[in-house]
Each structure stands twice: as C-alpha cells, then as structure tokens.
Undergrad: 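Got a structure for you, questions after.
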Amino acid sequence: MMLDTTRRQRPWSSLLALLLLALPGAALADDDWPRGHYPLPEHGSLVGAPYTVAASHEQTLLDIAREHAVGYEEIRNANPEVSLWLPGEGTEVVIPAQHLLPDAPREGIVINIAELRLYYYPEVGDGETPRVETYPIGIGREGFDTPLGTTRTTMKLEDPAWYPPESVRQEAAARGEEAPAVVPPGPDNPLGRHAILLEIPGYLIHGTNRPDGIGMRASRGCIRMFPEDVEALFRSVPVDTPVNLIDQPFKAAWQDGTLYAQSFATPEVEERALSHRLEALATLEALKAEAQVAIDYAVLSEALDAAPGRIVGLSPGA
C-alpha cells in the first residue's frame, strides 16, 4: 500500500467507539462510558453487555451495524434470521455488545484477526480508570492475508493520497483498464481521511470509502475501520504505540466463578475443525486447573457448532 506521507498529525483525546453481543441477563455498562469503551475488569476478561434496537422502515441491517459500530459478520451472526436488506419496521435487532478480551498483553493495540476486531488499551493517568476501546475491522482477503506478529505505529496521516500498488495495476491491466498513478484525498480514496502507518512495510490501519466491507475479509492486507472509528483511534493513539496482531479463533476465561468461551468460524478453522476443537479443549483444561469447577463439554460442543461469536458459559448452571 503506497501513500503520500507528507502530512502528519499529533494525537489528542477522543471518545468514539462501539458495542457488541452478550449473555442474557448481563448488566449494561455504565452510561457514562462511550460506546465501545469499557473499564478493565479487576478479575477476568468479560466486558460489555448486549442490547436490542428496533429497525426503522428504511434501514438495512448494514445501516444498523454502522450506526452501532458493529461489523458485517458480527451483525449477521447475532441476527441470523433477520433480513440483511429489509429487516422491517419494528424488527428487533440484537447489537452484540459483549467481548472476551484476547489472551494477549493488555497494552497498546491488539488486533485479533479471527475476531475481526481491534482492541486498544490506552495509557491512563493517576486516578483514571484503566480501560479498553474496541472497534470492528476489515482485514485481508484470501491471497492478501493480514500479517501476524508484533509491530508499532510509525506515523499518522490525515487526508492521505493513495498510490495504487503493483498488484492493483496488474489487476486493472487484466481488465483492460489503467490504474491511476495517484488517488488524491476525497470520496474516491480507499484510505479514507485517516491512516496510521505500521512498522511492517506497506501495512496500515486506515479508514475506507466502502464502509460496508468493515467486518469482512476484503482488503489487501491492511486493517480497515469505519471512518468515525479510525478518526477516534487516530486522535487517541500516539506514534510508537505497540501493535500485536494475533489469530485467536477460540477464547476462554474465568469470570465470577463461571468459565466463559467464545469461538469464531474463520476459514482456517473450518479447514481444520478437529484440531480447532482439540486446541479449544486444551485451553479449557488449562483454565479448569485454576479452580475446582466442572466444565459442561456438551455446552462447549454446541457452542462451537452454533452461531460464531456467541459468548457462552460452560460451567453448570451458567
């Protein structure tokens, strides 16, 4: 991904974010917290809570997802019976607003490729409550996998120009077209208005002029965000912030005496379903050793086969 690096911006505080799916009966987050911002739990990894909204006559499910900062796959998995293009006036739509934090150090930016979600753990001052901000993302499609590993943010650009890479030029030539030498800032720029460069050459966290692709595997490897979400991150994240790109299709953690788990049906998981289950069992057995609580493996099996992304309690009575 090539772009103009002549404009730089310094960060300042921001309060934009989003919400996702939860367990029945979970308490709503403090109303004083913006959407997608959660106080870090003193114990455990469960944050957020679910809620429902009523669709208006003209809204699509994608409109509702964008309004509540939820990605495509998340809104579809949370509402499998709801029409994508015409939910209908008054239809209840579940907004998935609960998350199990990834099993990774809670610092800087953590991007879980399997989950199509970014987590940001900002540094806080004295007297401030430690928190996490979470946003849906789009990642690389087949053949353009988003890389894994640790890196850092190196530069922040507002209204960047985009220089189509060689792969774009080749695809355009195959169609009998000619790719532009440069796409200036504006509505046709696929980087949107804000871009955060990573130390990995050619990879960015950036906005998009096609927001319907957020929550999908549709990019050339970069991390895409809703324009309003990347602007919030852009204003908050300092240059030289650590970034940890991980792939965790199965997450589990104890919370208040109950073991919760969450699974995501990524293409890689579908290709190796048996090994995925074995990895999940190994994770749970390690957690089980922390407390004398039985695990309902029938519930686990059902959870792995059910709607992806649903958080379930695996202890009896959960």
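We use all heavy atoms of the structure for the numbers below, so side chains are in, but hydrogens, waters and symmetry mates are not.
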Undergrad: May I have the step-by-step check of side-chain contact (heavy atoms from CB on, under 4.5 Å) for T208 and M225, ending in yes or no?
TA: CA-CA 7 Å; T208 180; M225 300 179 68; over 6 Å; no
Undergrad: Please answer: with hydrophobic residues joined when any side-chain heavy atoms are less than 4.5 Å apart, are I64 and L84 in the same cluster?
TA: yes
Undergrad: Side chains of S219 and R224: any donor to acceptor distance under 3.5 Å?
TA: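 Short answer, no.
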Undergrad: Between L40 and L101, which heavy-atom pair has the shortest distance, and what is it?
TA: CD2-CD1, 3.8 Å
Undergrad: Verify, without hydrogens or angle tests, whether N189 (side chain) and P160 (backbone) share a donor-acceptor contact under 3.5 angstrom.
TA: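 Pair found, side chain donor or acceptor close to backbone of P160.
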Undergrad: Counting N and O atoms only, with roles assigned by atom type, does the side chain of T151 sit under 3.5 Å from a partner on the main chain of V243, one being a donor and the other an acceptor?
TA: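 Flag not set: sc T151 to bb V243 has no pair under 3.5 Å.
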Undergrad: Just wondering, are more than 12 heavy atoms of other shown residues or ligands nearer than 6.0 Å to CG in N244?
TA: yes
Undergrad: How long is the gap from OG1 on T60 to CZ on R66, to the nearest 0.5 Å?
TA: 11.0 Å
Undergrad: Verify the cluster assignment for I137 and L148: are they in a single hydrophobic cluster under the rule of side-chain heavy atoms below 4.5 Å apart?
TA: yes
Undergrad: Return the OG1 to CD distance between T52 and E92, rounded to the nearest 0.5 Å.
TA: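 If we round to the nearest 0.5 Å, T52:OG1 and E92:CD are 4.5 Å apart.
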Undergrad: Check whether any side-chain heavy atom of W85 lies under 4.5 Å from a side-chain heavy atom of L62, and answer yes or no.
TA: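 Yes, at least one pair of side-chain atoms sits under 4.5 Å.
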Undergrad: To the nearest 0.5 Å, how far apart are CG in D159 and CZ in R193?
TA: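 Taking CG in D159 and CZ in R193, the distance rounds to 4.0 Å.
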Undergrad: Testing the basics here: between L116 and M216, what is the closest heavy-atom pair and its distance to 0.1 Å?
TA: CD2-O, 4.0 Å
Undergrad: If you apply the rule side-chain contact (heavy atoms from CB on, under 4.5 Å), what do you find for Y38 with H99, and how did you get there?
TA: CA-CA 10 Å; Y38 305 104; H99 314 274; 3.9 Å; yes
Undergrad: Would you compute the distance between atom CH2 of W254 and atom OH of Y260 and round it to the nearest 0.5 angstrom?
TA: 10.5 Å
Undergrad: Are a donor atom and an acceptor atom from the side chains of Y72 and E74 found within less than 3.5 Å of each other?
TA: no
Undergrad: Quick check against the 3.5 Å criterion: does T241 have a side-chain atom that pairs as donor or acceptor with the backbone of T153?
TA: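 Flag not set: sc T241 to bb T153 has no pair under 3.5 Å.
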Undergrad: Just verifying a value: how many Å separate L118 CG and E133 CD, rounded to the nearest 0.5 Å?
TA: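 Those atoms lie 9.5 Å apart.
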Undergrad: Pairing donors with acceptors under 3.5 angstrom, does anything connect the side chains of R106 and S45?
TA: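 There is such a pair (donor and acceptor under 3.5 Å, judged by atom type) between the side chains of R106 and S45.
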Undergrad: Measuring from R220:CZ to L204:CG, what's the distance to the nearest 0.5 Å?
TA: 14.0 Å
Undergrad: Less than 3.5 Å apart, any donor N or O on the side chain of E89 or Q59 sitting next to an acceptor on the other?
TA: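 No, because no side-chain N or O of E89 sits under 3.5 Å from a partner of the opposite role on Q59.
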Undergrad: If you look at every heavy atom in P102 and Y121, which pair is closest and at what distance?
TA: CD-OH, 4.0 Å
Undergrad: Do the side chains of L233 and I196 get nearer than 4.5 Å, heavy atoms only?
TA: yes
Undergrad: To check you understand the geometry: which heavy-atom pair defines the closest contact between D229 and A69, and what is its length?
TA: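 Shortest heavy-atom separation between D229 and A69 comes out as OD2-CB, 4.0 Å.
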Undergrad: Specify the closest pair of heavy atoms between A253 and L100, including all atoms of both residues, with the distance to one decimal.
TA: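 Smallest heavy-atom distance, with atoms named: CB-CD2, 4.3 Å.
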Undergrad: Side-chain contact test, heavy atoms from C-beta onward, threshold under 4.5 Å: evaluate it for I246 versus I111 and give yes or no.
TA: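 Not in contact.
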Undergrad: Taking the side chain as C-beta and beyond, is there a heavy-atom pair between I223 and L245 under 4.5 Å?
TA: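 Heavy-atom side-chain distance check passes, below 4.5 Å.
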Undergrad: Give the C-alpha distance, both sets of side-chain angles, the deciding distance and a yes or no for side-chain contact (heavy atoms from CB on, under 4.5 Å) between N77 and R310.
TA: CA-CA 8 Å; N77 290 335; R310 186 167 65 115; over 6 Å; no
Undergrad: Please evaluate residues Y120 and V237 with respect to the criterion side-chain contact (heavy atoms from CB on, under 4.5 Å), reporting the C-alpha separation (whole Å), side-chain torsions for both, the decisive distance (0.1 Å), and the verdict.
TA: CA-CA 8 Å; Y120 173 47; V237 172; 3.7 Å; yes
Undergrad: Where do F226 and P136 come nearest, in terms of heavy atoms and distance?
TA: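 In this case the closest contact between F226 and P136 is CE1-CG, 3.9 Å.
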Undergrad: Please answer whether the main-chain N or O of D188 pairs with a side-chain N or O of N209 as donor and acceptor at a distance below 3.5 Å.
TA: yes
Undergrad: Around atom CD of E123, are there more than 12 heavy atoms from other residues, nucleotides or ligands closer than 6.0 Å?
TA: no
Undergrad: For residues V53 and L61: do they belong to one hydrophobic cluster (side chain heavy atoms under 4.5 Å, members Ile, Leu, Val, Met, Phe, Trp, Tyr)?
TA: yes
Undergrad: Can you confirm whether P190 sits close enough to R210 that some side-chain heavy atom of one is under 4.5 Å from a side-chain heavy atom of the other?
TA: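 Not in contact.
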Undergrad: Do R35 and H68 get their side chains close enough for a donor-acceptor pair, meaning under 3.5 Å?
TA: yes
Undergrad: With no hydrogens and no angle check, is any side-chain donor or acceptor of Q248 less than 3.5 Å from a backbone partner on D103?
TA: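 Between the backbone of D103 and the side chain of Q248 there is a qualifying donor-acceptor contact (under 3.5 Å).
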Undergrad: With a 4.5 Å cut-off on side-chain heavy atoms, are L198 and R152 touching?
TA: no
Undergrad: Are there over 12 heavy-atom neighbours, none belonging to E128, within less than 6.0 Å of that residue's CD?
TA: yes
Undergrad: I'd like to check Q262 versus F250 (side-chain heavy atoms, cut-off strictly below 4.5 Å). Are they in contact?
TA: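 Q262 does not reach F250 side chain to side chain.
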Undergrad: Hey, are the side chains of I75 and V93 touching, using non-hydrogen atoms and a 4.5 Å cut-off?
TA: yes
Undergrad: Given H194, which of K156, E228, E231 fulfils the side chain to side chain contact (heavy atoms under 4.5 Å, CB included) condition?
TA: E231
